[in-house]
Protein chains: 2
Amino acid sequence: MEQTLYRRVAEDIKAAIASGTYEAGARLPSESELAQRYGASRGTIRQAFAALRADGVISSRQGARRVVLGGPRVQSFAELLSFSRWARAIGEVPAGRVVTMELRAATEEERVHLELGEGARVYHLTRLRLLSGRPVMIERSAYREPVGAMVAGMELDTVSITERLQALGVIFADAEHLIDAVAATTQDARLLDIRPRTPLLRERRRTTDPSGVALEWSDDRYIGDAVAFSVHNSAQASALSRLPSIPRPTPAEA
Amino acid sequence: MEQTLYRRVAEDIKAAIASGTYEAGARLPSESELAQRYGASRGTIRQAFAALRADGVISSRQGARRVVLGGPRVQSFAELLSFSRWARAIGEVPAGRVVTMELRAATEEERVHLELGEGARVYHLTRLRLLSGRPVMIERSAYREPVGAMVAGMELDTVSITERLQALGVIFADAEHLIDAVAATTQDARLLDIRPRTPLLRERRRTTDPSGVALEWSDDRYIGDAVAFSVHNSAQASALSRLPSIPRPTPAEA
DNA sequence: CAGTGGTCTAGACCACTCC
DNA sequence: GAGTGGTCTAGACCACTGC
């Protein structure tokens, strides 16, 4: 067994959906049938289905067979965090051009989101990201010191930071994304080669390690008509919220 | 037992987090301790934790106690779908002003997302939504015929459609959200009382019933600096994707 | 090394769907 | 009414964390 049984079952079902064996709307095999087929208990099969449910691939209701949902193919967590990995996955060539890289005092905003004390320092990187030569995004990332030091040593024009960090043993476990729309500033416009005040899709992201420590706080701005985000949710799993901007501080940030 | 045991456990933990008993970063009780406290088996407690994990409230790793994550308070699925419910939850007064309501042939886009055949008709509603008197969003929703007929009979200026539909027995089970940034059209600008080309946060949403049938396809545009979306994801549950716009059709839509 | 979560089993009863 | 998923139990072994 290369990994766990329930993961293998989940992968098999995902693959069968991807290959067209089960189309959107199709009914999947029952728990008992799969349990028999894999020589597994019902609980293990249920665990596989739960994983697919959490990723928004299938729906589930008492008494009826599970059903394949429509919607975009799922993206792995790793693929979502790494611009480079994502670009390659959609058949484009990723690139990065460093604008600034510095070790400096954290701003108020950075201290809040990275949970740092007064006077803490962060590594801050501004990078222009390109898809097959076309500028599509500006990335402004602040890294907590130990991680930032690793980043500072990399060849940032060619390298995927996330992939390199993972190779160095840094584990990204959870991410919180704040998505809104802003007008391009003059710097944004100059770097992206667009007119000022053009709509940008902004994704601010806090990435944490397995113990909940924030490692990275990033402000990524995409050209509005280049990229969209897709989110799936349901009554069972709804990790999506709508917030008033200039929000009242949340308990966690207060 | 008002509902299920694992839900009660999950609610208790959520409440304890909300009340400040456990702050962000705090370690939660072990499975065995909770199992004893509730007179439940370990499996039931694990189910409760799994629900919190799916909502992005806690993190989990082998060998260590579960940890409370930071980030915005979770929003229930119902609260997320209903503008009115959401507005009341953040202490504002929701309102709606109908711009148009018609039964007409579905557009190409609507046929694709509602999975309708050639020549199908939809109920289409355009509504301006206000938060305590301030216009913040334009909603353009298409409903599949049986549901649309119910909507057509409502007093749309005062009523929350989602709440009324749920009272009538319509069940929204899953939703797929496509989020991007667009410039305000002249109609957008006129209705929202802003300048044309102002950045808007656009949420296109397909909502399905428990069997996977699409009931509603909506294009909601928020004033950029009024609203943001928050999404949590992780290696375990990642129902979030980044898509190139003008996307290649997905298998489900092809 | 003790504690803890991750995986898995084998069975039970119930609520619901579908024909 | 047969089939199916939802809930729950009791126990087992293992991998990992943290002291």
Side-chain angles (χ1 to χ4, degrees), chain A residues 1-13 22 25-54 57-69 169 171 173-174 209-213 234-237, chain B residues 1-13 22 25-54 57-69 169 171 173-174 209-213 234-237:
Chain A
M1 192 191 318
E2 36 169 31
Q3 40 171 5
T4 63
L5 179 53
Y6 85 87
R7 271 179 218 280
R8 204 168 88 68
V9 175
E11 285 310 314
D12 285 355
I13 299 172
Y22 302 107
R27 288 159 63 229
L28 290 166
S30 72
E31 295 176 358
S32 51
E33 186 191 327
L34 288 174
Q36 199 166 12
R37 192 189 303 176
Y38 284 94
S41 80
R42 214 186 129 207
T44 301
I45 304 299
R46 284 183 64 77
Q47 219 174 336
F49 276 131
L52 298 181
R53 187 86 190 80
V57 177
I58 60 171
S59 78
S60 200
R61 50 203 269 257
Q62 197 171 38
R65 290 280 184 92
R66 289 177 175 84
V67 163
V68 179
L69 292 173
I171 299 172
D174 286 88
D209 75 4
S211 65
V213 175
S234 69
Q236 275 71 45
Chain B
M1 190 189 320
E2 34 169 33
Q3 39 171 5
T4 64
L5 179 53
Y6 85 87
R7 272 178 219 279
R8 204 168 89 67
V9 175
E11 285 311 313
D12 286 354
I13 298 172
Y22 302 107
R27 288 160 63 231
L28 290 166
S30 71
E31 295 177 359
S32 51
E33 187 192 326
L34 288 174
Q36 199 166 13
R37 191 189 303 176
Y38 284 95
S41 80
R42 212 186 132 206
T44 301
I45 304 299
R46 284 182 64 79
Q47 219 174 337
F49 275 133
L52 298 181
R53 187 85 190 80
V57 177
I58 60 171
S59 78
S60 200
R61 50 201 270 256
Q62 196 170 38
R65 290 279 185 94
R66 289 178 175 84
V67 164
V68 179
L69 292 173
I171 299 171
D174 286 88
D209 76 3
S211 65
V213 175
S234 70
Q236 276 71 45

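Each chain gets a letter, A, B and so on, in the order its sequence line appears, and its residues count up from 1. All values derive from a computational prediction rather than experimental measurement.
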> Hey, which of these two, A/Gly63 or A/Tyr6, hits DNA chain C nearer its 5' end, going by closest nucleotide?
A/Tyr6
> Report yes if some heavy atom in the side chain of A/Tyr38 is under 4.5 Å from a heavy atom in the side chain of A/Thr44; otherwise report no.
no
> Using 0.5 Å steps for rounding, measure from the CD atom of B/Glu11 to the OG1 atom of B/Thr4.
9.5 Å
> Over how many whole Å does the gap from B/Gln236 atom CD to C/dT7 atom P extend?
9 Å
> Would you say B/Ser60 reaches C/dG6's phosphate, i.e. side-chain N/O to OP1/OP2 under 4.0 Å?
yes
> So, is A/Thr44 close to the C/dT9 phosphate, meaning a side-chain N or O under 4.0 Å from OP1 or OP2?
yes
> From C-beta outward on B/Ser30, which listed nucleotide comes closest to its side chain: C/dG5, C/dT9, D/dT9?
C/dG5
> Tell me the interatomic distance from B/Arg53, atom CZ, to C/dG5, atom C1', rounded to whole angstroms.
13 Å
> Rounded to the nearest Å, what distance is computed from the CD atom of residue A/Gln62 to the C1' atom of nucleotide D/dG6?
5 Å
> Would the base of D/dG6 count as contacting B/Arg7 through its side chain, where contact means a donor and an acceptor less than 3.5 Å apart?
no
> How long is the line joining CG of A/Leu5 and C1' of D/dC14, in whole Å?
15 Å
> Measure CZ/A/Arg27 against P/D/dG3 and give the value in whole Å, please.
13 Å
> Look at all strands and tell whether A/Arg66 reaches a base, only sugar-phosphate, or nothing, counting heavy atoms closer than 4.0 Å.
sugar-phosphate
> From the set D/dT7, C/dG6, C/dT9, return the single nucleotide nearest to any side-chain atom of B/Thr4.
D/dT7
> On DNA chain D, does the nearest nucleotide to A/Phe49 precede the nearest nucleotide to B/Gly43 from the 5' side, or the other way round? Give the residue.
A/Phe49
> Between C/dC18, C/dG5, C/dT9, which one does the side chain of B/Arg46 approach most closely?
C/dG5
> Using whole Å, what does the distance between atom C1' of nucleotide D/dG5 and atom CG of A/Leu34 come to?
13 Å
> Where each residue is assigned the nucleotide of DNA chain C containing its nearest heavy atom, which of B/Arg65 and A/Arg61 is assigned the position nearer the 5′ end?
B/Arg65
> Give the rounded distance in Å between these two atoms: CD of B/Gln36 and P of D/dA10.
13 Å
> Using OP1 and OP2 only, check whether a side-chain N or O of B/Arg42 sits under 4.0 Å from D/dT9.
no
> Quick one: B/Ile45 CD1 to D/dT7 P, roughly how many Å, whole number?
14 Å
> Given 3.5 Å as the limit, does a donor-acceptor pair link the side chain of B/Arg42 with the main chain of B/Ser32, or not?
no
> Hey, is CD on B/Glu33 packed in by over 12 heavy atoms from elsewhere, all under 6.0 Å?
yes
> Please answer whether the main-chain N or O of A/Leu28 pairs with a side-chain N or O of A/Arg65 as donor and acceptor at a distance below 3.5 Å.
yes
